[in-house]
Every structure is written in structure tokens, then in C-alpha cells.
Amino acid sequence: MEWFPRPPKPSWSSSAFSAVRWDPTVGRSSLRPSTAGRPTMPSPDATESTPQPPYTQPPYTFEPTTDSGLLREEFGELAEGTETGRQATIAGRLMLRRVQGKLAFGTLQDSAGRIQLFAPSKETPRFTAFCDLNLGDWIGVTGEVMTTRKGELSVKVQEWTLLAPTRRSFPDKWHGISDPDTRFRQRYVDLWVTPESREVFILRSRVISLMRRWLEDRNFMEVETPIFHPIPGGAAARPFTTHHNALDQELFLRIAPELYLKRLTVAGLERVFEIGRVFRNEGISPRHNPEFTMLELYQAYADYSDMMELVENLVTFLALELHGTTSLQYGGRDIELAAPWRRATMEELIAEHAGISIDLSTPIDELRSLAEGFGIPVKPSYGPGKLILEIYEKTTESALWGPVFVTDYPKEVSPLSRDHRDKPGYTERFEAIVAGRELCNAFSELIDPVEQRARMEDQVAQRDAGDDEAMVVDEDYLRAMEYGLPPTGGLGIGIDRLVMLLADVPSIRDVVLFPTLRPEQI
RNA sequence: GCGCCUCUAGCUCAAUUGGCAGAGCAACGGACUCUUAAUCCGCAGGUUCUGGGUUCAAGUCCCAGGGGGCGCACCA
């Protein structure tokens with residue numbers, strides 16, 4: 001994605017992340033108002049004796065005819081000293097300025113990149129005021145497209161206007177901002193001084209756009225379901241709570257859209273998807289933000305094998321569209337995303353990585369002592385399925401580089417998944433692990449309302465036993481199921497983690513525009 | 001929640017065994033008609049995160065608190 005000319009400084013590859021640019025030990029501070037006077041912005045009590053050009057109200061609109069990217073596309077290969085005779089109007093932020101006396105150069109940044117401004121005093125109106133512009137000011141410029149004697153493509157400043165002054169000091173024009181706290185809190189500064197940061201969010205936007213298109217091409221219909229849930233459900237997580245005054249009712253911010261989307265499958269919408277925010281009242285870490293974005297989709301008449309094919313094909317498509325290849329790097333390590341991905345059962349993978357052979361027929365005492373041997377705090381309520389899952393997560397999951405589909409989860413830990421067609425006690429559920437992280441969770445959906453009620457009641461028992469992430473009984477969902485949920489494959493993908501993978505960044509805060517932080521004391 | 005690290009000018013960073021708190025960029029004043037982080041001269045800029053303590057003397061050492069980063073726990 002060469003929309004931005006990279007300055008010759010340390011790259012932002014993930015290895016440079018912590019070592020060079022994002023060293024967490026570097027200083028912190030906040031951008032404070034510039035105390036310097038602004039000649040273009042006299043204070044209210046400035047007198048008429050102030051020898052500065054009068055501040056004029058910026059225009060309400062401005063109409064650029066082109067941008068830096070289009071200019072580079074059209075005029076990128078001009079020889080030195082070319083005068084094209086073509087006029088251009090561009091707008092953006094002044095990022096650099098080099099005044100030579102009667103000749104000035106500037107660097108303008110717009111959403112497509114940067115381009116040089118060429119301002120000779122003989123042709124640039126209000127030349128002194130132009131030279132007095134501050135870094136960060138928004139300006140609009142009209143003039144001839146040309147190249148300098150050194151061959152730099154430029155727009156000659158033959159007309160210009162101040163669109164908005166900046167009243168705060170520009171960050172270091174070479175180093176930008178490196179303090180992570182400032183980058184997250186003042187993302188508006190980070191985005192225009194850190195090209196790599198913009199690149200990540202542009203990539204994120206493209207991921208979601210491409211995903212929509214891909215799903216729509218396969219006859220999936222996008223829907224929106226409630227974010228306020230009277231009963232939290234569809235995942236195991238603590239919810240945020242809120243209150244509706246007129247109804248005088250407690251409401252929960254959704255932890256997953258799952259149960260509403262499956263109601264729509266009952267309704268006959270055979271292929272639905274939703275891309276939206278979900279909220280989980282859990283810890284914050286480089287891989288967890290309390291609000292994050294999920295893609296969930298449901299496909300009638302499909303099972304979990306179909307979901308595996310869908311995931312690997314979708315991710316392959318995204319990698320090819322965004323990078324032109326499925327051979328990527330993450331954190332300096334190679335990863336091959338081309339379909340098909342490996343499929344292996346949880347127990348096979350435990351055998352590979354922990355060197356132990358266990359399954360649901362293993363005596364529970366043996367499972368308990370194995371788990372304790374791995375340092376897992378075992379609760380008495382844990383059955384064999386939960387113990388196997390705990391052992392998998394402790395010994396195996398983070399060691400999987402993948403991509404790999406981890407299949408056949410124990411029924412005990414999968415309250416919404418359908419029984420495995422061949423293996424009693426297991427479900428047709430899988431997670432895809434890529435770069436040691438869960439990318440998605442999917443299953444052949446449980447369609448039997450009697451079985452679903454039993455599973456929900458079991459969850460309630462676990463909740464009563466102290467598990468505050470266990471689900472509760474959702475009577476309306478059970479009623480919907482009683483009308484008949486067809487065989488259905490369902491899938492949830494964490495968009496943030498997918499973007500982290502595709503953008504090769506190490507923290508979820510690098511892909512969330514405004515991550516959750518403690519309030520700043522200003 | 002626990003542990004480790006960190007916080008100095010608007011930004012990026014210095015400050016030796018505890019000994020006058022500094023530089024570059026930005027800003028401000030000046031010089032300069034082909035620069036590319038322009039260059040050169042000058043000026044100004046500080047609650048060293050906060051509050052205690054030790055000391056003749058604290059950015060530096062100690063205690064408590066706050067923000068942030070990372071790890072652990074949690075998060076299927």
C-alpha cells in the first residue's frame with residue numbers, strides 16, 4: 001500500500017515496534033497549548049497597532065480539484081524543471097516548511113499523502129504571511145503543477161488560503177509521537193503525524209469493506225440486532241449493565257449477537273451476518289479491549305465443515321486482496337494463510353504439544369492431577385470436558401502458530417453447539433488458531449430445543465456454583481427454537497485480531513481507534 | 001488484582017558516585033531564490049507526574065499515591 005511516502009527513518013515493522021519507535025520506556029507528556037503568539041490570530045485585546053496581517057474568517061467550504069496521490073499518479077515521472085501549464089487546487093495540513101528568503105518550500109499532507117509546495121515571492125500572494133504559517137496549519141493552495149530544478153513534483157503557490165490554524169505546537173517533525181499513552185488518547189494527532197498508524201486503520205477499513213462484499217457475493221444478508229439485551233447470552237463473559245429509565249429495567253450490553261441472529265435463521269433468513277461491537281466486562285490487555293468488533297454469520301443447511309471452508313477462503317481472499325499474497329509475516333515470523341488449513345482435534349493437538357494422551361474416557365482423577373501438574377487451579381465443579389479444555393489452553397493453544405482448526409470441543413464447555421455426529425460427549429465445534437491466538441469460534445448449531453434447555457439449565461447450575469460467566473436460560477430463544485431452527489452452521493470472527501494479523505501489529509490498541517483507557521486528568 | 005519497567009520544555013531525548021536541569025526540533029526575532037528533517041545567527045521556554053522522607057545538597061536515594069507499557073491472573 002504505497003499511498004504514503006515513507007520518511008527515511010526506522011520502519012514500523014513489528015520488530016521495530018518495541019525496539020525503536022514504541023519503546024515503552026520513553027517519555028510521556030501531553031500536548032499543551034502553545035504559549036507562542038500567533039500572528040494570524042491576534043488575541044481579543046490586540047490593538048490596531050499590531051503590525052500583522054488581519055485575521056480573516058476561514059472560508060466555509062473549499063473545493064480541491066485533486067489531491068497529492070492523483071498528482072503523483074498523473075505527473076510522477078516529470079523531468080527536472082518542468083512547467084506543466086496545468087493548474088491544481090489542493091488542501092491539507094502544512095507538515096514541513098523551508099523558507100529560503102524570497103523562495104519558500106512547504107510540504108502539504110492530505111489524505112492521499114504528501115506533496116511539495118513551491119512558493120516564490122514574486123508569484124505567491126501575501127508571501128510573508130505564507131512563510132509565517134505554522135506547522136500543522138490547514139491551508140488550501142492553487143497553482144501550476146511543476147517540478148523543481150531537483151525534480152521534486154510541486155504545486156506552485158499562486159493562490160492560498162488559511163483554512164484553519166493550529167493553536168497547539170506541532171509534535172517533533174521527525175520523531176512524531178512515540179509515547180503510547182499520547183498516541184491513544186490523542187489519536188487525532190497520532191493519525192496525522194504517524195503514517196504507519198493511518199495505514200493500519202485504512203487497512204482495517206478495507207478488511208471490513210472487503211468482508212462485506214465477499215459475504216454479499218455469497219448471498220449473505222447484513223442485519224442489525226439489539227445491543228441492549230434483557231438477558232446476556234451467546235457467550236461466556238461478564239456483561240456491562242445499564243438501565244432504561246422509562247422501562248425501569250436493567251439491560252445488558254451484548255456479549256455476542258448470536259442468539260438474535262439464530263432467531264433470524266428461525267425466521268427464514270437463511271444467510272445472515274452482522275458486523276458489530278460487543279462488550280465484555282473483562283480485563284484489558286494487548287489482546288483484549290472491553291469493546292471489540294465481531295463478525296458473526298449463520299448459514300442454514302450448513303455444518304461446521306462448511307464454516308471451516310468459509311473461514312479459510314475468506315482469510316485467503318483478504319490476504320490476497322490486501323497484500324497480493326497469502327505468505328505473510330507476523331511479528332517477524334512467517335505465516336502461510338492459503339487455504340486449506342490444517343484440521344486437528346483438540347486431543348490430537350494436546351498429544352502433540354503436551355505429550356499426553358487424554359480424552360473424555362480418561363478417569364477424572366487422572367485429568368485433575370494432570371491439570372494440577374500443569375499449574376491449573378482446578379475447581380471441584382470441573383468435569384472432564386472442562387479439564388481437557390483447561391489443559392489445552394495451558395499447554396497447547398499459545399504454542400500453535402497455525403493456521404489450524406482445532407476441532408471437536410467437549411460438550412460440557414460448548415452449550416450452544418450441536419452434538420458430534422460420531423463422538424458422544426463432543427460437539428461439532430472448532431476454533432481457528434492463527435499466530436497463537438483464537439481467530440474465530442464456530443460450530444454446527446444446536447437445533448434441538450429440549451437439549452438446549454437442558455444445556456442452559458446446566459449453565460445455570462454452574463452459575464449457582466459460582467461461575468459468573470455461565471449463561472442463563474433465555475425462554476424466548478427456546479421458544480424460537482421450538483418453532484424449528486434448521487441445520488445451521490454459525491461462525492464468529494474477532495475482527496480486531498484479524499486486523500492485527502493482517503497489519504502485523506502486536507496490540508489490539510494498534511487497531512482500535514480509541515481504545516479504552518483510564519480517564520485522563522486534565 | 002499481583003509483579004517488573006517507566007514518567008524531565010509543546011515534541012524527541014540528555015543530565016557521571018547525590019553537586020548550578022541541558023540539547024535538537026517546534027515557537028519567537030533575524031539572514032538567505034531550488035530546499036527535501038534546509039542551513040546559519042539570536043531569544044525564550046521547567047510544579048523533573050503528585051505528596052511525603054533521608055541529606056549540607058534529590059531529576060537521581062527511600063515511602064505512599066497517580067498515568068502508561070509489558071508479563072501473570074482474568075478473558076472458553
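Hydrogens, waters and symmetry mates play no part in the numbers below; they use all other heavy atoms, side chains included. Letters go in sequence order (proteins before strands), and every chain restarts at 1.
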Problem set entry | Residue pairs passing the ring pair (Phe, Tyr, Trp, His ring centres under 6.0 Å) test where at least one lies in residues 387-417 of chain A, sequence neighbours excluded | Trp341(A)-Phe405(A), Phe405(A)-Phe430(A)

Exercise. Would Asp110(A) and Ser68(A) count as having a side-chain donor-acceptor pair, cut-off 3.5 Å?
Worked result: yes

Could you tell me whether [X] contacts a base, only the sugar-phosphate backbone, or nothing, with contacts defined as non-hydrogen atoms closer than 4.0 Å?
X	result
Glu438(A)	nothing
Phe118(A)	base
Arg429(A)	base
Lys156(A)	nothing
Lys386(A)	nothing
Gln116(A)	base

Exercise. Should the pair Lys379(A) and Tyr382(A) be classed as cation-pi, given the thresholds of under 6.0 Å to the six-membered ring centre and 45° from the axis?
Worked result: no

Exercise. Just checking, Arg198(A) and Trp192(A): is the charged tip under 6.0 Å from the six-membered ring centre and within 45° of the axis?
Worked result: no

Exercise. What about the rings of Phe118(A) and Phe105(A), do their centers lie closer together than 6.0 Å?
Worked result: yes

Problem set entry | Listed nucleotide nearest any side-chain atom of Lys122(A), set U12(B), A37(B), U33(B) | U33(B)

Seminar exercise, completed: Among A26(B), G71(B), G68(B), the one nearest any side-chain atom of Pro286(A) is G71(B)

Any strand: nucleotide that pairs with [N] via Watson-Crick or wobble, under 3.5 Å:
N	result
C61(B)	G53(B)
A23(B)	U12(B)
G1(B)	C72(B)
G45(B)	none
G18(B)	none

Problem set entry | Under-4.0 Å salt bridge between Arg342(A) and Glu352(A) | yes

Exercise. Can a donor-acceptor pair under 3.5 Å be found between the side-chain atoms of Asp172(A) and the base atoms of G24(B)?
Worked result: yes

For this session: Could you measure between the two C1' atoms, the one in C63(B) and the one in U54(B), and give it in whole Å?
Result: 11 Å

Exercise. Who passes side chain to side chain donor-acceptor pair (under 3.5 Å) against Thr407(A), sequence neighbours left out?
Worked result: none

Exercise. Residues two or more places apart in sequence or in another chain: which of them pass side chain to side chain donor-acceptor pair (under 3.5 Å) with Arg97(A)?
Worked result: none

How long is the line joining [atom1] of [X] and [atom2] of [N], in whole Å?
X	N	atom1	atom2	answer
Glu282(A)	C72(B)	CD	C1'	16 Å
Ile284(A)	G71(B)	CD1	C1'	16 Å
Phe170(A)	U12(B)	CZ	P	13 Å
Arg168(A)	G45(B)	CZ	P	21 Å

Seminar exercise, completed: The correct set of residues in residues 98-107 of chain A placing a heavy atom under 4.0 Å from RNA chain B is Arg98(A), Val99(A), Gln100(A), Gly101(A), Lys102(A), Leu103(A), Phe105(A)

Exercise. Going by heavy atoms closer than 4.0 Å, what residues in residues 451-458 of chain A are next to RNA chain B?
Worked result: none

Ignoring backbone atoms, test whether [X] places a side-chain nitrogen or oxygen under 4.0 Å from the OP1 or OP2 oxygen of [N].
X	N	value
Arg509(A)	C70(B)	yes
Arg518(A)	G69(B)	no
Arg185(A)	G68(B)	yes
Arg238(A)	C74(B)	no
Lys173(A)	A38(B)	yes
Asn134(A)	C28(B)	yes

For this session: Determine whether more than 12 heavy atoms belonging to other residues, nucleotides or ligands lie under 6.0 Å from atom CZ of Arg86(A).
Result: no

Exercise. According to the interplanar angle, ranging from 0 to 90°, do the rings of Phe240(A) and Phe279(A) count as parallel (below 30°), tilted (30 to 60°) or perpendicular (above 60°)?
Worked result: perpendicular

Seminar exercise, completed: Applying side-chain contact (heavy atoms from CB on, under 4.5 Å) to Ala235(A) and not counting sequence neighbours gives Ile255(A), Ala256(A), Arg280(A)

